[in-house]
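Just so we're clear, the structure is a prediction, and the values are computed from it rather than from any experiment.
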Amino acid sequence: MAHDAPPRWDRRMQQRLARGEAAALGELYDRFASLVHSLAYRVLEDERAADRITREVFAYVWEHPDSYDPKQGSLRSWVAGITRHQAVQRLRQTESDSARDHGEDGPATAESERALERKIHEASTAARADYIVTSMPTPLREALELAYFQRRDYRQTAADLGVTEDEARRRLRLGLQLLSTAHNHQALPAVPMRRAARGPHAPRPPHSAPPGPGHGRSL
């Protein structure tokens with residue numbers, strides 16, 4: 001998949017965040033907040049929980065800009081990966097708390113563990129699939145939307161897009177290949193999250209966090 005944003009912009013944004021530029025965080029928030037919130041909501045299906053995840057993600061980005069490696073992909077992909085991981089962790093904790101509230105204090109059964117893992121995998125896969133679709137080049141996304149959401153066949157899809165049937169097939173094949181990666185992705189490594197920022201919604205930028213090497217910045 002192509003990078004989601006120009007690599008030069010990604011590197012420049014990382015440098016600005018590392019210098020502690022509050023305006024850079026505001027710009028990043030404007031660009032990616034809706035993506036972060038929608039991915040978190042896709043996993044958690046809870047508006048308030050998605051709001052909280054959004055705050056935590058941008059707080060983490062503010063505190064750890066050096067964690068991003070432009071060689072590994074776009075800044076957009078990095079932010080989305082942090083979001084998916086944190087939302088899945090929150091879902092796991094929520095399900096565990098719910099079981100405890102219902103008096104399930106004993107060891108989880110193998111079946112309940114499998115059910116939980118299925119739910120988490122399905123939620124994570126759905127969020128990743130949503131991200132892949134929104135990140136696709138427009139021609140591929142349009143072909144998939146026509147064929148699978150509007151139930152067009154190859155011929156109708158080609159006519160609607162103004163391309164040949166062979167080109168419509170090619171776009172659908174590429175789109176489906178990209179989507180297939182949503183079902184084969186590996187779990188993300190643990191991502192430590194510092195305290196969330198103030199305010200009822202995602203931050204503009206966060207206050208200072210506990211000091212650490214190169215961090216603990218205050219605006």
Point to revise | Verdict with supporting geometry, Val79 and Arg76, side-chain contact (heavy atoms from CB on, under 4.5 Å) | key: CA-CA 5 Å; Val79 170; Arg76 187 177 193 269; 6.0 Å; no
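- Here the CG-OG1 distance, from Leu35 to Thr83, works out to 6.5 Å after rounding to the nearest 0.5 Å.
- Once rounded to the nearest 0.5 Å, the distance linking CG of Asp46 with CG of Leu91 reads 10.5 Å.
- Among residues at least two apart or in separate chains, salt bridge (Lys or Arg N to Asp or Glu O under 4.0 Å) pairs with a member in residues 141-154 are Arg152-Asp160.
- Note that CD of Glu27 and CE of Met13 are 4.0 Å apart. Values are rounded to the nearest 0.5 Å.
- We find the CD1-OH distance between Ile53 and Tyr41 to be 14.5 Å, quoted to the nearest 0.5 Å.
- Residues Tyr131 and Ser77 have side chains that bring a donor and an acceptor to within less than 3.5 angstrom of each other.
- Minimum heavy-atom separation, Ala80 to Leu39: CB-CD1, 3.7 Å.
- Transitive grouping of hydrophobic side chains (ILVMFWY, heavy atoms separated by less than 4.5 Å) brings Val88 and Leu44 into a common cluster.
- Between Asp166 and Arg169, at least one side-chain nitrogen of the basic residue sits less than 4.0 Å from a carboxylate oxygen of the acidic one, meeting the salt-bridge criterion.
- Taking the charged nitrogens against the carboxylate oxygens, Arg170 and Glu167 do have a contact shorter than 4.0 Å, which makes a salt bridge.
- Considering every non-hydrogen atom in both Ala87 and Ala40, the closest pair reads CB-CA, 4.1 Å.
- Taking CG of Asp66 as the start and CD of Gln15 as the end, the distance is 10.5 Å to the nearest 0.5 Å.
- Side-chain atoms of Arg48 and Arg52, non-hydrogen and from C-beta on, never get closer than 4.5 Å to each other.
- Nearest heavy-atom pair across Met136 and Leu140 is SD-CB, 4.1 Å.
- Nearest heavy-atom pair across Val163 and Ala168 is CG2-N, 4.0 Å.
- Under the 4.5 Å side-chain criterion, counting only non-hydrogen atoms from C-beta, Leu172 is in contact with Tyr154.
- Side chain of Asp10 to backbone of Leu75: a donor-acceptor contact under 3.5 angstrom is found.
- With Thr125 contributing its side chain and His121 its backbone, the two residues share a donor-acceptor pair below 3.5 Å.
- Residues satisfying the side-chain contact (heavy atoms from CB on, under 4.5 Å) criterion with Arg42, sequence neighbours excluded, are Ala126, Ala127, Asp130.
- Residues Ile120 and Arg92 have side chains in contact (heavy-atom distance under 4.5 Å, counting atoms from C-beta outward).
- Taking the six-membered ring where tryptophan is involved, the planes of Trp78 and Tyr68 are tilted, since the angle between them lies from 30° to 60°.
- Between Leu176 and Leu144, the closest side-chain pair of non-hydrogen atoms falls below 4.5 Å.
- Separation of atoms CG (Asp69) and CZ (Arg11) is listed at 10.5 Å; rounding is to 0.5 Å.
- Judged as a side-chain hydrogen bond (donor to acceptor under 3.5 Å, both in side chains), and not counting sequence neighbours, the contacts of Arg155 are Glu165.
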